[in-house]
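A short worksheet on the structure shown next.
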Amino acid sequence: MATSSNDGKIEDFLKPEYEQCMVCSGFLGSNFGQPVCSSCHLFLFCNDINLEEGEQEVYNEEEEYRARKIKSLNHKTDKLAERITSLTTPREPGSVPEGLVDSMPPEVLLVVFKYLDDISLWTAGQVCSRWRQILEGETTELQWREFCKLRWPLFYPQYRVKDWKTIYTKLLESSPCRYCLESMMLQSTPPIEENSWRHRRLRSELKTLKSDPPEGIKATPLDRHCCHWQASITGPQGSPYEGGLFLLYLQIPQSYPMRPPKVRFITRIFHPNISRHGDVGLDSIHHNWSLALTISKVLISIQSLLTDPYCYVCMEPIIGKLFTKDRKEFNRIARLWTWKFAMHDFLMPMNIDLNGV
């Protein structure tokens with residue numbers, strides 16, 4: 001089983017946002033409420049799954065120097081460009097210069113908003129009430145519904161939704177890592193031979209998943225080459241996760257099935273073998289991968305892990321300790337997390353206070 005490098009405290013998991021990066025503890029900069037800061041995320045969770053483990057892009061000092069030289073030769077930017085640059089630079093909360101946000105003309109904001117993706121649009125709406133009003137006037141319920149379908153294709157609400165933006169907000173806030181959720185839609189698909197062993201096998205697995213899916217499990221590719229998948233696991237009966245719909249993101253390498261897929265939860269879950277970043281501590285998708293394993297079998301194993309955690313070696317040791325020493329308290333918190341983060345398909349969005357649980 002894989003382990004997490006930061007034990008932390010139970011209280012750290014119960015906060016809506018994380019105070020510091022779980023890897024560098026804030027040494028490399030702010031994490032902006034995410035479990036991992038952008039610097040650590042770039043090096044530890046590479047978007048290109050086809051790179052061998054430990055292989056990263058090489059820093060080119062000469063190219064960096066050339067880019068800075070060209071930039072220094074440019075003419076001085078006007079004030080509007082300077083303000084836009086200031087707004088697009090990451091800052092610590094509360095450190096934005098006074099008046100910078102309100103000084104942006106509405107017509108400029110409307111042009112900028114047209115080039116933003118769904119997550120960026122939602123984030124812009126949280127900046128101030130003025131920006132929120134502008135976005136509400138330009139973004140329709142139909143658009144928020146399409147954003148939900150594109151970002152979470154396996155989410156099917158069992159009631160008539162009147163406010164899709166609220167649903168989008170709840171799904172976004174239920175994701176353990178916003179960096180992973182955003183990169184899920186930005187992945188490039190490498191050229192793959194249609195008649196390759198990988199392609200034929202994945203098509204066969206997809207056909208089986210559609211015709212005879214395991215109970216409580218669904219999966220669908222997000223691109224035509226089946227490099228990126230989204231899956232859903234229904235919480236097993238009798239467990240504190242019962243009734244929850246947990247979404248996962250799978251990356252299938254070009255060398256599949258010789259190499260295992262990368263699997264991450266994109267729904268927050270309170271479990272010893274699933275890290276706060278969403279990584280799954282399961283040997284079969286790390287060191288004990290076998291050609292006999294399939295996507296379906298991997299998802300079944302993860303579903304079984306929900307009812308039978310392995311607490312000798314955990315992704316989150318503090319949760320494993322709680323599971324072994326105070327099962328009643330563990331079940332209570334896990335059930336509360338399921339209600340708050342994984343039941344948007346059955347329960348109307350509501351606010352559940354996790355403080356002081």
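A donor-acceptor contact under 3.5 angstrom links the side chains of Asp279 and His277, judged on distance only. Inspection of the Trp144 and Thr139 side chains reveals no N or O donor paired with an N or O acceptor under 3.5 Å.
Contact of the Arg201 side chain with the Thr294 side chain is registered, since non-hydrogen atoms from C-beta on lie closer than 4.5 Å. Between Trp164 and Cys148 there is a side-chain heavy-atom pair separated by less than 4.5 Å. Here the side chains of Glu205 and Ser296 are not in contact, with every heavy-atom distance at 4.5 Å or above. At a threshold of 4.5 Å between non-hydrogen side-chain atoms, the residues Val263 and Leu282 do not count as touching. A 4.5 Å side-chain heavy-atom check between Thr324 and Tyr312 finds every atom pair outside the cut-off. Using a 4.5 Å heavy-atom threshold, the side chains of Arg264 and Pro176 count as separate. Between Phe246 and Ser174 the shortest side-chain heavy-atom distance does not fall below 4.5 Å. Here the side chains of Arg130 and Pro106 are in contact, with some heavy-atom distance below 4.5 Å.
At most 12 non-hydrogen atoms from other residues, nucleotides or ligands lie less than 6.0 angstrom from CD of Gln237. Other residues, nucleotides and ligands place more than 12 heavy atoms under 6.0 Å from the NZ atom of Lys165. Within 6.0 Å of the CD atom in Glu215, the count of heavy atoms belonging to other residues, nucleotides or ligands does not exceed 12.
Without hydrogens or angle criteria, Thr338 side chain to Pro240 main chain gives a donor-acceptor distance under 3.5 Å. The backbone N or O of Arg276 sits less than 3.5 Å from a side-chain atom of Glu316, completing a donor-acceptor pair. Judged by distance alone, the side chain of His271 and the main-chain N or O of Leu305 form a donor-acceptor pair under 3.5 Å. Without hydrogens or angle criteria, Gln303 side chain to Leu299 main chain gives no donor-acceptor distance under 3.5 Å. Within the 3.5 Å criterion, the main-chain N or O of Ile300 finds a donor-acceptor partner in the side chain of Ser304. Looking only at distances, a side-chain donor or acceptor of Lys297 sits under 3.5 Å from a matching main-chain atom of Ala292. No donor-acceptor distance shorter than 3.5 angstrom exists from the side chain of Ser175 to the backbone of Leu171, with no hydrogens or angles considered. Formation of a donor-acceptor pair under 3.5 Å by the His286 side chain with backbone atoms of Val280 is found in this model. Judged purely by atom type and a 3.5 angstrom limit, Gln143 uses its side chain to pair as donor or acceptor with the backbone of Thr140. At distances below 3.5 Å, not a single donor-acceptor pair connects side-chain atoms of Trp197 with backbone N or O atoms of Pro257.
Remark: Arg132 pairs with no residue by the side chain to side chain donor-acceptor pair (under 3.5 Å) rule, at least two apart or across chains.
Heavy atoms only, all atoms of each residue included: Ala219 and Leu209 are closest at CB-CD1, 3.9 Å. Pairing each heavy atom of Arg259 with each of Tyr256, the nearest pair is O-CD1, 3.5 Å. Across every non-hydrogen atom of Pro221 and Leu206, the tightest pair is CD-CD1, 3.6 Å. The shortest non-hydrogen separation linking Pro213 to Ile217 is CB-O, 3.8 Å. A pairwise comparison of heavy atoms in Ser239 and Thr307 identifies CB-CG2, 4.1 Å as the closest pair. Contact detail for Asn273 and Met315: the closest heavy-atom pair is O-CG, 3.3 Å.
Applying the salt bridge (charged side-chain N to carboxylate O under 4.0 Å, His left out) test between Asp118 and each of Arg145, Lys149, Arg151 identifies Arg151 as the sole match. If you run side chain to side chain contact (heavy atoms under 4.5 Å, CB included) between Leu247 and each of Leu181, Ile233, Ile266, only Ile266 comes through.
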What do the steps show when you test Ile119 against Phe147 for side chain to side chain contact (heavy atoms under 4.5 Å, CB included), and what is the final call? CA-CA 9 Å; Ile119 293 182; Phe147 291 155; over 6 Å; no

Assess whether side chain to side chain contact (heavy atoms under 4.5 Å, CB included) is satisfied between Leu306 and Ile274, documenting all intermediate values. CA-CA 10 Å; Leu306 298 185; Ile274 301 167; 4.1 Å; yes

One pair to check against side chain to side chain contact (heavy atoms under 4.5 Å, CB included): Asp283 and Tyr310. What are the steps and the verdict? CA-CA 11 Å; Asp283 282 345; Tyr310 184 83; over 6 Å; no

Residues Gln230, Phe155; criterion side chain to side chain contact (heavy atoms under 4.5 Å, CB included); working and verdict: CA-CA 10 Å; Gln230 191 170 114; Phe155 174 76; over 6 Å; no

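Considering CD of Gln34 and SG of Cys21, their distance stands at 11.0 Å, rounded to 0.5 Å. Interatomic distance, Cys177 SG to Phe265 CZ, rounded to the nearest 0.5 Å: 15.0 Å. Atom OG of Ser275 and atom CD1 of Ile269 lie 11.5 Å apart (nearest 0.5 Å). Note: Ile295 CD1 to Leu248 CG = 12.0 Å, rounded to the nearest 0.5 Å. With rounding to the nearest 0.5 Å, the separation of SG in Cys227 from CD1 in Ile252 is 8.5 Å. Between atom SG of residue Cys311 and atom NZ of residue Lys325 there is a gap of 12.0 Å, rounded to the nearest 0.5 Å.
Leu142 belongs to no multi-residue hydrophobic cluster, having no ILVMFWY side-chain contact under 4.5 Å with any other such residue.
Note: Phe330 and Phe270 have tilted aromatic rings, judged against thresholds of 30 and 60 degrees for the angle between ring planes. Classified by interplanar angle (parallel below 30°, tilted 30° to 60°, perpendicular above 60°), the ring pair Tyr249/His228 is parallel. Below 30°, between 30° and 60°, or above 60°: for Trp152 and Tyr168 the angle between ring planes is above 60°, a perpendicular geometry.
For the pair Arg327 and Phe323, the cation-pi criterion (under 6.0 Å, within 45° of the ring axis) is fulfilled.
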